[in-house]
Every structure is written in C-alpha cells, then in structure tokens.
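Presented below is the structure to which this report refers.
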Amino acid sequence: RLISCLVHSATSAMVLRVLLQLGSPAVWAFLGAALFAAHPVHIENIVYLVGRADSLSTLLMLLALSLYLHDALGTAGNNSINKKKSSNSFNNKSNSNSGSSYT
C-alpha cells in the first residue's frame, strides 16, 4: 500500500503541475489537485493491488501531457501560457533550388 500511496501522491502532484501549465490560478490549481487527491473514487486504486495499474497509467498520461505542454506552449511549470515562437528552420531557409523542378 505504501507504493500505491506514493504513486497516488505523485499523480496528484502531476495534476497540480498540469493545471498550472494550463494557466490556472495557483489557488484553483491547488484546490483541483487537492480534490483529485482526496476524492473517494480513488480509494480502490490505493487499497487494492489491481488498482495500481490505473494509478500508474494516470501518472504516465499526466507526465506525457505535461511534457507536451512544456514543448508546445513553452511553459516550464510557471503560471502563464507563453506561445512558442514559430521559428521553424525549414520555413526560414531560402530555397536555392527554386528554378529546378522535381519530377
């Protein structure tokens, strides 16, 4: 049960991180994470061994979402959404072969 509690705690922390990355105010993000942590529906995920798969899959899904938000929005866990600069090197290169055609 200790491992299940640790996984659930890490999942609750990831909920907080994702909410902050999405631009929620810190108070609301903390309340949302606290609601997730204390909601009674998660009891079977902590008590029973079979529920650990649900907790781990939720943790990994939130981790993947957090990494995606970090890359896509350029947020590093702060409380604002910063649009990533659109600096695609492919679009910025000048096409030296503009006269040639590909067949």
Rounded to the nearest 0.5 Å, what separates atom [atom1] in [X] from atom [atom2] in [Y]?
{"X": "Leu69", "Y": "Leu62", "atom1": "CG", "atom2": "CG", "result": "10.0 Å"}
{"X": "Ser66", "Y": "Leu22", "atom1": "OG", "atom2": "CG", "result": "9.5 Å"}
{"X": "His70", "Y": "Leu65", "atom1": "NE2", "atom2": "CG", "result": "13.5 Å"}
{"X": "Leu63", "Y": "Thr58", "atom1": "CG", "atom2": "OG1", "result": "12.5 Å"}

Output yes when a side-chain donor or acceptor of Ser24 lies under 3.5 Å from a complementary backbone atom of Leu20, and no otherwise.
no
Side chain His8, main chain Ala37, donor-acceptor under 3.5 Å:
yes
When hydrophobic residues are tied together by side-chain contacts of less than 4.5 Å, even through go-betweens, does [X] share a cluster with [Y]?
{"X": "Phe30", "Y": "Leu35", "result": "no"}
{"X": "Val18", "Y": "Tyr68", "result": "yes"}
{"X": "Leu67", "Y": "Leu59", "result": "yes"}
{"X": "Met14", "Y": "Met61", "result": "yes"}

Take atom CD1 of Ile3 as the centre, draw a 6.0 Å sphere, and report whether it contains more than 12 heavy atoms from other residues, nucleotides or ligands.
no
Closest contact, heavy atoms only, Ser55 versus Val7:
CB-CG1, 3.6 Å
How close do Ala33 and Val15 get, heavy atom to heavy atom, and via which atoms?
CA-CG1, 3.9 Å
The test is side-chain contact (heavy atoms from CB on, under 4.5 Å); show your working for Phe36 and Thr11 and say whether it passes.
CA-CA 9 Å; Phe36 179 85; Thr11 304; 3.5 Å; yes
